[in-house]
Number of protein chains: 2
Amino acid sequence: MFSKSCEYGIRAMIYIAGESLKERRVSLKDIAQDIDSPVAFTAKILQQLSRNNLVDSVKGPTGGFEIQPGRMKKISLGAIVKAIDGDGIFKTCGLGLKECSEKRPCPVHNQFKSIRENLCRMLDETSVFELSQGLKDGSTFLRHK
Amino acid sequence: MFSKSCEYGIRAMIYIAGESLKERRVSLKDIAQDIDSPVAFTAKILQQLSRNNLVDSVKGPTGGFEIQPGRMKKISLGAIVKAIDGDGIFKTCGLGLKECSEKRPCPVHNQFKSIRENLCRMLDETSVFELSQGLKDGSTFLRHK
DNA sequence: ATATATTAAGACCTTTTTATCCTTTATTAG
DNA sequence: CTAATAAAGGATAAAAAGGTCTTAATATAT
Ligand code: FES
Ligand code: FES
């Protein structure tokens with residue numbers, strides 16, 4: 001569904017959000033540790049997210065990553081996906097035709113459209129803040145045990 | 001969503017079904033031409049589909065690929081996807097955790113679950129026969145113009 | 001000011017996916 | 001039986017994704 005980069009990116013964002021709500025800025029190492037991702041690769045993804053202003057980064061000692069509590073309700077899952085994987089999943093043809101359109105639909109166009117609409121709505125309506133809540137109350141997890 | 005192989009595979013199956021309904025057996029070249037896919041690569045995919053008994057192949061002059069009209073109503077989109085991409089899309093965690101379970105769900109588990117259920121139902125309920133109909137009446141297409 | 005901790009950036013390596021090519025095997029027509 | 005045709009199978013190549021490493025930039029605490 002999503003690229004590995006995107007999966008790590010989403011997990012990182014949810015983790016950072018959770019810690020930011022506790023007023024803790026987190027380092028790359030903490031993140032990679034807690035979401036069980038390769039450190040250097042995660043760094044690259046955080047750079048992308050930072051350039052897209054989805055997360056704030058601070059260099060130097062006591063530095064790290066954080067998300068302003070005010071912003072995290074406005075950051076949707078979709079925004080993260082778009083920043084990392086682009087908007088392909090939102091609009092490209094499910095069978096790989098050069099374009100997806102009503103004018104020249106592929107055989108699965110209608111079936112896909114409805115599923116894609118559900119997916120897009122979900123991605124758009126779900127915020128990072130919301131997702132960080134389950135983490136807090138221990139009902140959801142970001143890594144295997 | 002699906003791999004390129006899977007996209008070509010689905011397109012090939014729908015095309016072969018359409019031609020089989022006209023009692024025409026089609027060659028690899030015809031298929032690649034009509035679905036606009038790389039010939040040799042398409043051959044590989046057809047081999048997989050053939051090994052999985054989703055399509056029948058006949059060697060030699062007048063040979064090619066076909067699907068028994070009786071079977072095509074029973075071949076679902078899901079069966080093709082499973083034969084080529086495996087069943088990952090049906091059951092792996094949307095955030096890449098080692099397993100997707102209710103016991104230890106990731107933060108997006110519930111949101112994903114509902115979308116994945118829709119997707120699975122659609123893949124399971126949609127048959128190749130059904131998809132070949134739009135092609136016949138000219139309302140759907142397997143390649144760009 | 002300096003040493004240190006931390007992210008940013010770019011070059012590089014590895015694995016997987018996508019794609020091609022060549023040889024073998026099976027089938028048909030003449 | 002032979003020549004021609006078409007798929008099967010295996011080896012190889014190219015491109016993309018996934019991942020690492022080294023150096024530079026920047027901020028902090030002492
Ligand atoms: S044209 Fe294929 S999904 Fe729209
Ligand atoms: S645990 Fe992530 S989707 Fe189920």
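Order of the sequence lines sets the chain letters (A, B, ...), proteins ahead of strands, with each chain counted from 1. These numbers come from a predicted model, not from an experiment.
At C:dA8, one or more side-chain N or O atoms of A:Ser50 fall inside 4.0 Å of OP1 or OP2 (strictly under the cut-off). Within the 4.0 Å cut-off from OP1 or OP2 of C:dT18, at least one side-chain nitrogen or oxygen of B:Ser5 is found.
A donor and an acceptor atom, one from each side chain of B:Ser127 and B:Ser76, are nowhere located under 3.5 Å apart.
Listed for the B:Arg143 side chain is no donor-acceptor partner under 3.5 Å among the backbone atoms of A:Leu97. B:Ser50 contributes no side-chain N or O that, together with a main-chain N or O of B:Leu46, makes up a donor-acceptor pair within less than 3.5 Å. A:Asp30 places no side-chain N or O within donor-acceptor distance of the main-chain N or O of A:Val26, the cut-off being under 3.5 Å. Proximity of a side-chain donor or acceptor of B:Arg116 to a complementary backbone N or O of B:Thr92 within less than 3.5 Å is detected. Judged by distance alone, the side chain of B:Ser20 and the main-chain N or O of B:Glu23 form no donor-acceptor pair under 3.5 Å. Judged purely by atom type and a 3.5 angstrom limit, B:Arg25 has no side-chain atom pairing as donor or acceptor with the backbone of B:Gly64. Between the side chain of A:Ser132 and the backbone N or O of A:Phe129, at least one donor-acceptor pair lies under 3.5 Å.
The ring pair (Phe, Tyr, Trp, His ring centres under 6.0 Å) pairs that include a residue from residues 91-122 of chain A are A:Phe112-B:Phe2, where partners are two or more places apart or lie in different chains. Annotation: ring pair (Phe, Tyr, Trp, His ring centres under 6.0 Å) contacts involving residues 59-102 of chain A, sequence neighbours excluded, are absent.
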Write down the protein N/O and nucleotide N/O pairs, taken from nucleotides 24-26 of chain C, whose separation is under 3.5 Å; answer none if there are no such pairs.
| unit_1 | atom_1 | unit_2 | atom_2 | d |
| --- | --- | --- | --- | --- |
| C:dA26 | O4' | B:Lys59 | NZ | 3.4 |

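A heavy atom closer than 4.0 Å to some atom of DNA chain C occurs in no member of residues 10-28 of chain B. Of the residues in residues 37-48 of chain B, those with a non-hydrogen atom less than 4.0 angstrom from any atom of DNA chain C are B:Pro38, B:Ala40, B:Phe41, B:Lys44.
Between B:Gly63 and A:Ser3, the residue anchored nearer the 5' end of DNA chain D, judged by the nucleotide with its closest heavy atom, is B:Gly63.
Reading DNA chain D from its 5' end, the first and the last nucleotide to sit under 4.0 Å from a heavy atom of chain A are D:dG18 to D:dT28.
If you measure from atom NZ of A:Lys4 to atom C1' of C:dT17, you get 16 Å, rounded to the nearest angstrom. Taking atom CG on A:Asn52 and atom C1' on C:dA8, their separation rounds to 15 Å, with Å as the unit. B:Ile84 has its CD1 atom 11 Å from the P atom of C:dT18, to the nearest Å.
Under the 4.5 Å side-chain criterion, counting only non-hydrogen atoms from C-beta, B:Cys120 is not in contact with B:Glu117.
Within 6.0 Å of the NZ atom in B:Lys82, the count of heavy atoms belonging to other residues, nucleotides or ligands does not exceed 12.
Here the CG atom belonging to A:Asn118 is positioned 12.5 Å from the NZ atom belonging to A:Lys113, to the nearest 0.5 angstrom.
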